[in-house]
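Read the structure below first, then the notes.
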2 protein chains.
Amino acid sequence: MVTIKDVASAAGVSTATVSRVIADKPHVSDAVREKVMAAVEQLGYRPNLVAQNLRAQQSKILGLIVSDIQNPFFRHISRAVEDTAHENGYSVILCNTDENPDKEKMYLQLMQDQNTAGIILSPTKRASREFERILKLNIPLAVIDRRVADFDIDNIVTDNLFLAEKITSHFCENGYQRIAGLFGDSSTTGIERHQGYLSALKKAGRNALKELVRFIAPRELTGYEAARDLLELAQPPDAIFTSNSLLAVGVLLAIKEKNLSIPGQIGLATFDDTSWAKLVTPSITVVDQPAYEIGQTATEMLIKRIKDPSRSARKVILKGHLIVRQSSVRP
Amino acid sequence: MVTIKDVASAAGVSTATVSRVIADKPHVSDAVREKVMAAVEQLGYRPNLVAQNLRAQQSKILGLIVSDIQNPFFRHISRAVEDTAHENGYSVILCNTDENPDKEKMYLQLMQDQNTAGIILSPTKRASREFERILKLNIPLAVIDRRVADFDIDNIVTDNLFLAEKITSHFCENGYQRIAGLFGDSSTTGIERHQGYLSALKKAGRNALKELVRFIAPRELTGYEAARDLLELAQPPDAIFTSNSLLAVGVLLAIKEKNLSIPGQIGLATFDDTSWAKLVTPSITVVDQPAYEIGQTATEMLIKRIKDPSRSARKVILKGHLIVRQSSVRP
DNA sequence: ATGAAAGCGCTAACAC
DNA sequence: GTGTTAGCGCTTTCAT
């Protein structure tokens, strides 16, 4: 390994001077600068980031902790975070909690132990304890996707209530009577979306039917099972609203098995647009969260906070929009 | 920040003793051990990984460098690598090169500068130069997805030739005459799959038709454009084989726009199974690469190499299998 | 069994 | 403008 010492002796200067040249600091004569540069070039010297980090008590790494990288929504988030981070000279450690608070804690711990510059987190439901700990550690934090009202934290979320209301109202307007809702059970997001769902029903003068609402793990399989269950009811739903695209896949499978026609016999709409939603027959109505923007905004805010830790916390709520396709509009 | 020094003075011992206790080394009396543990507990001490790494000249981080995290294949890989790494006490930095050799080089550089314990890489086509450099640096490396015959490197790949042959033969057996092929242009993978495609045609006594073969960027949009182009030919193909699931999405779009019926007017089959392939109408025939296994195997091999750098290099070729669905079988 | 001290590679006072 | 040196937090000889 080529160290700064090697460069120094090769260039006939001190390590301090080499350090100055590398960091592009002033107070170095052009002649010396060139000599050092030549030595750097010739030896193929690269500064050791670990040593820099130990010295500076801070790394150039951001931690991105998400609940399920399989979920297309988080794929977009991670892409955005990576892009934005690299634009600003940071790298990203991506961590997948599987909605498991223990894993989340473990990763938070790891980020701390690694002197990570900052963390972007989509917390599990029971994470509030951790916030206090992180805030106490003074490690910059931005929370995405899920709302944290009671802490002084940068928070970037979708307007879940608004979008869930929009999708439910859309069903109502298209004459659907028994609208079922499948919501994630592992985050506050599901709760907010449920509220939007209820609010839309109320505005439409409908009664909320408890037997049509399920809080479940946001996975394909659980969506499939819940839908199969719903469709077996004496009075089955005539529309299903799912809280993410994984659930939608499962519901689609169940509907196909039952040979029900969409949107005639049953309507379908979901949170999150995906590549296949517009390709299936019929194409699927969705509300599209601005995932990329969320990731980008969170990263930008986090980096600003890293540079100015005393910056006051901000809440950003991004709207998103409804994309009406075939699955929710009766012919 | 609580350091080892704080613990030492709190316990009334030296830092060396604390270090021994933390690392579970022998030659510490039970009494002292307990005293130290108590202090650790009481102060909430956590060893600083950065300092450990500087000292040990090695971190517990693996770098995973893939060409496109949007590609479901790499999503499975990354899940597998993460899982396996954490089982073995390692963390993972995920990096996305976008098939860009410059980005790849940048990340490789970063991994080196960070003292990363090892790297799992799906190289871009022009990466061979880099291999030599990495090997020279003695940083353990496992290459996945793409074959590297001419270097002494751990290499875990799918049997692309075999699978491409299988899918093409399947088309032939089902009476398709003009079988088009869309291959990625940014890796050796596309080349191998093209060879399998040719080989199957030959075995079936067919002529290869050059105008039906395209080497393109493996993305949805390019797949869409290429398919639209193919379908405009005076003699269009009656089947299309795509080299990954992103391309398949684009092709599906183009076929739908043309209002062609699958599998009657045109057959379709692709590399990589996805959640939607079995849901669309008709469901899509695929060859499923053992993505999770590839990631898992690569990680296990990498960790073995980290522990024993003199271990001889291995090539592992995993087969995968054909899943026949509706899109390639005429009624 | 325990401690003192050197040093991993780097930067930033401070001195000249 | 340049060099000397201390020290970031940790581990590991080498003494005792």
Side-chain angles (χ1 to χ4, degrees), chain A residues 1-37 39-40 43-61 109-117 137-139, chain B residues 1-37 39-40 43-61 109-117 137-139:
Chain A
M1 167 177 265
V2 182
T3 75
I4 200 170
K5 247 177 158 171
D6 300 326
V7 177
S9 57
V13 298
S14 74
T15 60
T17 300
V18 177
S19 178
R20 284 190 195 103
V21 173
I22 298 293
D24 230 355
K25 290 263 162 85
H27 310 306
V28 184
S29 74
D30 285 356
V32 170
R33 191 176 294 272
E34 266 174 47
K35 241 188 346 189
V36 171
M37 292 297 237
V40 165
L43 296 172
Y45 168 72
R46 315 225 80 228
N48 180 324
L49 295 185
V50 177
Q52 282 184 336
N53 297 352
L54 180 61
R55 173 68 223 220
Q57 302 282 48
Q58 207 193 65
S59 79
K60 281 292 208 173
I61 295 185
Q109 205 73 269
L110 179 69
M111 297 300 111
Q112 174 193 348
D113 298 345
Q114 290 273 18
N115 265 335
T116 300
L137 292 167
N138 277 326
I139 155 163
Chain B
M1 164 177 266
V2 182
T3 74
I4 200 169
K5 247 175 154 172
D6 301 326
V7 177
S9 58
V13 298
S14 74
T15 60
T17 300
V18 176
S19 178
R20 284 188 195 104
V21 172
I22 299 292
D24 230 354
K25 291 262 163 87
H27 308 305
V28 183
S29 74
D30 286 357
V32 170
R33 189 175 295 272
E34 265 173 47
K35 245 192 336 196
V36 171
M37 292 298 240
V40 165
L43 296 172
Y45 168 72
R46 315 225 80 227
N48 181 325
L49 295 185
V50 177
Q52 282 183 336
N53 297 350
L54 180 61
R55 173 68 223 220
Q57 301 283 49
Q58 207 195 65
S59 78
K60 282 292 210 176
I61 296 185
Q109 206 74 270
L110 178 69
M111 296 302 111
Q112 174 193 347
D113 298 346
Q114 289 273 17
N115 265 336
T116 300
L137 292 167
N138 277 325
I139 153 162

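Per chain, numbering begins at 1; letters A, B, ... match sequence-line order. These figures come from a predicted structure and were not determined experimentally.
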Please output the side-chain donor-acceptor pairs of residues 51-61 of chain B that fall under 3.5 Å, not counting sequence neighbours, one pair per line with the distance.
residue	atom	partner	partner atom	Å
B:Asn53	ND2	B:Leu49	O	3.2
B:Ser59	OG	B:Ile61	N	3.1
B:Ser59	OG	B:Asn115	O	3.1

> Who passes side chain to side chain donor-acceptor pair (under 3.5 Å) against A:Ser9, sequence neighbours left out?
Replying inline: none

> What bend angle does the helix from C:dA1-D:dT16 to C:dC16-D:dG1 show across its length, from five-pair end axes and to the nearest 10 degrees?
Replying inline: 50°

> Nearest heavy-atom pair of B:Val2 and B:Tyr45: which atoms, and what distance?
Replying inline: O-CD1, 3.4 Å

> Between CG of B:Leu43 and CD1 of B:Ile4, what distance do you get to the nearest 0.5 Å?
Replying inline: 12.0 Å

> From the 5' end of DNA chain C to its 3' end, which nucleotides mark the outer limits of contact with chain B, defined by a 4.0 Å heavy-atom distance cut-off (strictly under)?
Replying inline: C:dA1 to C:dG9

>> Taking side-chain hydrogen bond (donor to acceptor under 3.5 Å, both in side chains) as the cut-off, I'd like each qualifying pair that reaches into residues 11-23 of chain A, sequence neighbours left out, listed once.
In response: A:Ser14-A:Thr17

>> Give me each pair satisfying salt bridge (charged side-chain N to carboxylate O under 4.0 Å, His left out) with a member in residues 23-33 of chain B, each pair once, sequence neighbours excluded.
In response: B:Asp24-B:Arg33

> What residues form a side chain to side chain donor-acceptor pair (under 3.5 Å) with A:Ser29, not counting sequence neighbours?
Replying inline: none

> Taking only residues two or more places apart in sequence or in another chain, which ones pass side chain to side chain contact (heavy atoms under 4.5 Å, CB included) with B:Gln109?
Replying inline: A:Arg46, B:Gln112, B:Asp113, B:Arg133

> Is there a side-chain contact between B:Asn48 and B:Thr3, using heavy atoms and a 4.5 Å cut-off?
Replying inline: no

> For nucleotides 8-16 of chain D, read 5' to 3', which letter fits each nucleotide if B means a protein heavy atom sits under 4.0 Å from the base, S means only the sugar-phosphate is that close, and - means neither?
Replying inline: BBBBBB---

> Among all residues two or more places apart in sequence or in another chain, which pass the side chain to side chain donor-acceptor pair (under 3.5 Å) test with B:Thr116?
Replying inline: none

